[in-house]
Number of protein chains: 2
Amino acid sequence: MARSDGTQPRGATRRATILDVARRASVSTATVSRALTDPERVAEPTRSRVMAAIAETGYTPNATARNLRARSTKIVLCLLPGLGHSFWNVIINAVEEVLTRAGYGVIFGDTRSDPVREAHYDRIVRAGQVDGVLLFNGRLPGADFAELDRVVPITLISNDIPSSGLPVFEVDNHAAARTMTEHLISLGHRRIAHITGPIANVETGERLNGYRDALIDAGIAVDDDLIWPGKFNFTAGVKAARTFLGLECERPTAVFAASDELAIAFIKTVKDAGLRVPEDVSVAGFDGIEYSAMYDPALTTMLQPRAEMGRLGAENLVLRMSGAQVESKGARLPCSLLIRDSVAEYAGAKAKAPATPRRVRTAAG
Amino acid sequence: MARSDGTQPRGATRRATILDVARRASVSTATVSRALTDPERVAEPTRSRVMAAIAETGYTPNATARNLRARSTKIVLCLLPGLGHSFWNVIINAVEEVLTRAGYGVIFGDTRSDPVREAHYDRIVRAGQVDGVLLFNGRLPGADFAELDRVVPITLISNDIPSSGLPVFEVDNHAAARTMTEHLISLGHRRIAHITGPIANVETGERLNGYRDALIDAGIAVDDDLIWPGKFNFTAGVKAARTFLGLECERPTAVFAASDELAIAFIKTVKDAGLRVPEDVSVAGFDGIEYSAMYDPALTTMLQPRAEMGRLGAENLVLRMSGAQVESKGARLPCSLLIRDSVAEYAGAKAKAPATPRRVRTAAG
DNA sequence: CCGCAAGGTGAAAACGTTTACATCAATTTT
DNA sequence: AAAATTGATGTAAACGTTTTCACCTTGCGG
């Protein structure tokens, strides 16, 4: 029974230190340390005496002391713009997998664009509390990344800070958005709207450009009234749907949302207004989160290789933390077009579009 | 421009220590330390000299050294059974909020029932690498919690380990499940199925019992064929739906799922099979995650006060980490019944059920 | 004038490891 | 047989703080 009554003083029993073990085994602390880190270097009889003493005392090395001596913490900080987003799940798992395997602990920080929180994490980094940083769109404002990277390696995942020169692992957003838009066009759609992510976001810009370029190449004029600025969340999707429903001019026949959450919220809202998806309006998402498959209709979307982004980013960071002088520029990964049920052929189309495979890989950047 | 070429050696510029500052200000390290931690204790002229020196050297105290000396790490470990689950989002945010404000860093671990990972976290705890643990259903197997709690305080959130005596902050699962089942009964349903969570889970049992007790009280026989064991994920929901669709006997008219994900997957699958929800079958969820509102139909579900659970749990832990001898037994919070569109009156019902408010609070446990 | 409190500061110990260096015995080499 | 090598262990310094204790000024009351 644990002390649920909160009565026994904590730490009443002092934790055994290396000195306790040493005394008990009648050796020096150096020998104990060696017996643990490099057993070969200590003779068999001594070693077993030490091991016995360790078992008896229940000794376990103090990580802080070890870190102080080693001048490293074996901890990596992951900075996210919102821990709660389903999009990060898979990435985080992959990151955690790689880092744990490499012997690092992972700590997560949610910046939420709150200056106080950001300053907090900036301080943590500068205090040498972490050996590396994985940045997921969490901006440390006013942070000089070139300088910060010199104290601790920083790797970017699924977001870019163009002028920083930091290695970034993300998807080729331009190509992916272009592919999705082309897909819609190939199904006969001409009036295609786009719900963007947050404007400050570099990726938002790339996707917007991919969308634009696809239209232009197809000889379709870009209509700025059909570009609806949003964020990567439900509320923005609902707002975009209201815009859509309230449109004075002719409604678009297809909508390309910059995230699955955006698409889902959009669909829900227009369905509530009595429209059918995809019969009345086609809606495409972006990301390929798990929920996209479970929605009704299942979302046609761009699958981002999230696990791979996480894995590669983490591996890159591990390499750089090891002090290796790597030439690391990051990587641009390809997306896969997932064709499901939220997008249909344009109702007014004359000819049936050629059969398309259900999954199409975009070009790598 | 950061060293994207990976050419400059990292740490070429040694980080300034307290000694550098001391020398520069012609004082002792003790004075520098005092100037930072307790400015009142050092005379004005000295203090400003110290501050100047700090600014000039860019000194920032080394957290590891500080921790070693203070015998604490100011870090809390959160152990989850699956970092990716949407259910944790809100809880995690609340926890992170409270702990950050209290000056603690938060590190997350995903145990995934993997013995290797579990051993890894057990070691972290025992190595004194954290000041406290928040357990979210992550079992540390073979761990003696009574003992572990003596080295570092452990608080449970949204999961119980009955024999441990640890403080637990969770919902009254029995009452909530009972309320939901009664709601279905009140709408005329008599054949009501239940998709459970993982059987090993204490909460699963409580919800199951709440469901059973409601049936019994209403004079409805409990049919074990309508209790479908699952997990808190999509796959289990799909599987349950297959069971439902393949049923030899008369199909239930309502299904109560132990989680929203379960409900969503169930609905998706039966809809794909041509059934309508709620016209052909009513489906209720549990949790009240964000997606439940965006689904079509919007889920009738039990809203868990996730933010509050997280907040209370974290505050409890902070208190206990401070060494306070608190009488802390945890708390059982009430859920709210969220009446939306996935549940309808039983089609064969004679009389119309009385109008129900859209949101009903369950009794606290 | 002397003693004493109070305020400011410094010297050094402590936190618990790892590791460079020194030591010593037991070998092997010359 | 002396010298050199090897292997096992101990000594003590280092990691960068915080904090106890002691010290030295002052200013003050007696």
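Since the model is a prediction, treat every value here as computed from it, not as a measurement. Reminder, nothing fancy here: chain letters follow the sequence lines and each chain counts from 1.
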*Over how many whole Å does the gap from A:Asn67 atom CG to C:dT19 atom P extend?*
12 Å
_Using a strict threshold of under 4.0 Å (side-chain N to carboxylate O), is an ion pair present between B:Arg117 and A:Glu96?_
yes
*Mapping B:Glu40 and A:Ala70 to their closest nucleotides on DNA chain C, which lands nearer the 5' end?*
B:Glu40
*How many Å lie between CD1 on B:Ile18 and P on D:dT18, as a whole number?*
5 Å
*Side-chain donor or acceptor of A:Arg34 under 3.5 Å from a matching atom on the base of D:dG10?*
yes
*Of all the nucleotides listed (D:dT17, C:dC15, D:dC15), which has the minimum atom distance to the side chain of A:Leu68?*
D:dC15
*Using only side-chain N and O atoms of A:Arg69, determine if any of them is under 4.0 Å from OP1 or OP2 of D:dA14.*
no
*Looking at A:Arg24 and A:Asp20, does any basic side-chain N land under 4.0 Å from a carboxylate oxygen?*
no
*So, A:Thr73 versus A:Asn67: side-chain donor-acceptor pair below 3.5 Å or not?*
no
*Looking for any heavy atom pair under 4.0 Å, which part of the strands does A:Ser72 touch: base, sugar-phosphate only, or nothing?*
nothing
*For B:Arg23 and C:dG10, what is the distance between atoms CZ and P respectively, to the nearest whole Å?*
14 Å
*When you get a sec, tell me which of C:dT18, D:dT18, C:dT9 is the closest nucleotide to the side chain of B:Thr29?*
D:dT18
*Start at the 5' end of DNA chain C and walk down; is the nucleotide closest to B:Ala65 or to B:Arg41 reached first?*
B:Arg41
*Quick one: pull up CG in A:Leu134 and CD1 in A:Ile157 and give me the separation to the nearest 0.5 Å.*
4.0 Å
*Identify which nucleotide among D:dT9, C:dT18, D:dG16 has an atom closest to any side-chain atom of A:Arg71, counting heavy atoms from C-beta outward.*
D:dG16
*Please state how far atom CZ in B:Arg66 lies from atom P in D:dC15, giving the value in whole angstrom units.*
19 Å
*Does the side chain of B:Ser28 get closer than 4.0 angstrom to OP1 or OP2 of C:dA11 through an N or O atom?*
no
*What's the CG-C1' distance between B:Asp20 and D:dT17, to the nearest Å?*
13 Å
*Tell me which nucleotide among D:dT18, C:dG10, C:dT17 gets nearest to the side chain of A:Thr17.*
C:dT17
_C:dT9 phosphate, OP1 or OP2, under 4.0 Å from B:Thr46 side-chain N/O_ = yes
*asked:* From C-beta outward on A:Thr31, which listed nucleotide comes closest to its side chain: D:dT17, C:dT9, D:dG10?
replied: D:dG10
*Does the side chain of A:Thr155 come under 3.5 Å of the side chain of A:Asn316 through a donor N or O and an acceptor N or O?*
yes
_Interatomic distance, B:Asp38 CG vs D:dT20 C1' [rounded to whole Å]_ = 15 Å
_Sugar-phosphate, base or nothing in reach of A:Ala30, heavy atoms under 4.0 Å_ = base
*Closest heavy-atom contact between A:Val152 and A:Val130?*
CG2-O, 3.3 Å
*Between D:dT18 (C1') and B:Tyr59 (OH): distance, integer Å*: 10 Å
*Quick one: which of C:dG10, C:dG16, D:dG10 gets closest to the side chain of B:Val27?*
C:dG10
*Let me know the distance between CZ of B:Arg47 and P of C:dG7, rounded to the nearest Å.*
15 Å
